[in-house]
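I have placed the structure first, in the form of structure tokens, so that the comments after it can refer back to it.
Note that this is a predicted model, so its numbers are computed, not measured. A note on names: the letters A, B, ... follow the listed sequences, proteins ahead of strands, and every chain is numbered from 1.
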Amino acid sequence: ELKVEQNPLFLSMQEGKNYTIYCNYSTTSDRLYWYRQDPGKSLESLFVLLSNGAVKQEGRLMASLDTKARLSTLHITAAVHDLSATYFCAVDLSTSGTYKYIFGTGTRLKVLA
Amino acid sequence: ETGVTQSPTHLIKTRGQQVTLRCSSQSGHNTVSWYQQALGQGPQFIFQYYREEENGRGNFPPRFSGLQFPNYSSELNVNALELDDSALYLCASSLRGEDTQYFGPGTRLTVL
């Protein structure tokens with residue numbers, strides 16, 4: 001069964017602290033995406049990771065991909081309240097021109113002032 | 001450049017009815033994907049359309065169907081609505097061969 005699991009599901013952290021969200025997936029893929037979703041809103045693309053060892057950084061967020069371990073991480077540095085949102089990873093499992101895309105379970109992040 | 005738009009914003013239907021949701025792609029995008037997001041869960045892939053043909057489908061029954069038009073806009077049709085169809089329906093457009101999808105604001109469907 002194809003699974004994309006995120007850990008933790010809920011995260012409450014103090015401003016200024018660091019933390020990492022993990023995304024594990026159960027089948028081979030070298031294309032992984034991170035999205036942010038604010039309550040009642042749509043999805044905002046954060047990172048596109050397209051190869052083993054890929055690392056992308058934007059502001060206080062850094063994402064990496066290890067295709068051999070089937071693991072991606074989203075690291076938060078010195079969290080601020082504005083980062084409070086739900087974060088999803090998604091794996092592209094498209095083959096032979098047929099598209100298939102699976103989202104993770106989501107991590108709800110709350111940054112406390 | 002116009003972003004992805006969806007209509008309507010909200011919709012209330014009763015069980016057994018049919019519904020059509022609409023999506024206009026971002027300018028220049030030729031691929032549209034549809035997702036269902038139940039409350040508190042991650043989006044689930046329904047299907048993708050490229051050049052007016054279905055190009056991949058998730059685990060959704062045939063009563064979920066779609067269309068893509070020559071101008072790349074798209075419709076999602078759901079027949080025989082069930083209570084569990086209540087969700088936020090998101091469409092996303094992209095340019096074939098590029099990796100970033102751009103999501104619309106969504107249509108929230110409530111089935112009573």
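- In this structure, OH in Tyr33(A) is found 4.0 Å from CG in Asp99(B), a value given to the nearest 0.5 Å.
- Residue Leu88(B) touches chain A through its side chain alone, counting heavy-atom pairs closer than 4.5 Å.
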*Test side-chain contact (heavy atoms from CB on, under 4.5 Å) on Tyr35(B) and Phe103(A) and set out the steps.*
CA-CA 10 Å; Tyr35(B) 299 85; Phe103(A) 276 85; 3.6 Å; yes
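- Atom CZ of Phe45(B) and atom CG of Leu93(A) lie 10.5 Å apart (nearest 0.5 Å).
- The environment of Asn59(B) atom CG is sparse: at most 12 non-hydrogen atoms of other residues, nucleotides or ligands sit within 6.0 angstrom.
- Gln37(A) touches chain B through its side chain: at least one heavy atom from C-beta onward sits under 4.5 Å away, while N, CA, C and O do not.
- Taking chain B as the reference chain and counting heavy-atom pairs below 4.5 Å, the highest number among Arg31(A), Arg108(A), Glu44(A), Lys100(A) is found for Arg31(A).
- No more than 12 heavy atoms of other residues, nucleotides or ligands shown are found within 6.0 angstrom of CE on Met62(A).
- Transitive grouping of hydrophobic side chains (ILVMFWY, heavy atoms separated by less than 4.5 Å) brings Leu109(A) and Leu46(A) into a common cluster.
- The candidate with the highest count of non-hydrogen atom pairs below 4.5 Å against chain B, out of Asp92(A), Ile102(A), Thr86(A), Leu50(A), is Leu50(A).
- Neither Tyr102(B) nor Leu76(B) shares a network with the other; the hydrophobic side chains, linked directly or stepwise wherever heavy atoms of I, L, V, M, F, W or Y lie under 4.5 Å apart, form separate groups for each.
- Under a hydrophobic clustering in which Ile, Leu, Val, Met, Phe, Trp and Tyr are joined whenever their side-chain heavy atoms come within less than 4.5 Å, directly or via other members, Val4(A) and Leu74(A) fall into the same cluster.
- The backbone N or O of Gly104(B) sits less than 3.5 Å from a side-chain atom of Ser42(A), completing a donor-acceptor pair.
- Neither the backbone nor the side chain of Thr31(B) comes within contact range of chain A; no heavy atoms are under 4.5 Å apart.
- The most heavy-atom pairs under 4.5 Å with chain A, out of Gln37(B), Arg57(B), Arg96(B), come from Gln37(B).
- Under the 4.5 Å side-chain contact rule for hydrophobic residues, Leu95(B) and Tyr50(B) do not share a cluster.
- No more than 12 heavy atoms of other residues, nucleotides or ligands shown are found within 6.0 angstrom of CG on Leu39(B).
- Proximity to chain B involves both the backbone and the side chain of Tyr101(A), based on heavy atoms less than 4.5 angstrom apart.
- Note: the hydrophobic cluster containing Tyr25(A) also contains Leu2(A) (ILVMFWY, side chain heavy atoms under 4.5 Å, direct or indirect links).
- Comparing Ala92(B), Pro43(B), Gly42(B) by how many heavy-atom pairs each has under 4.5 Å with chain A, the most go to Pro43(B).
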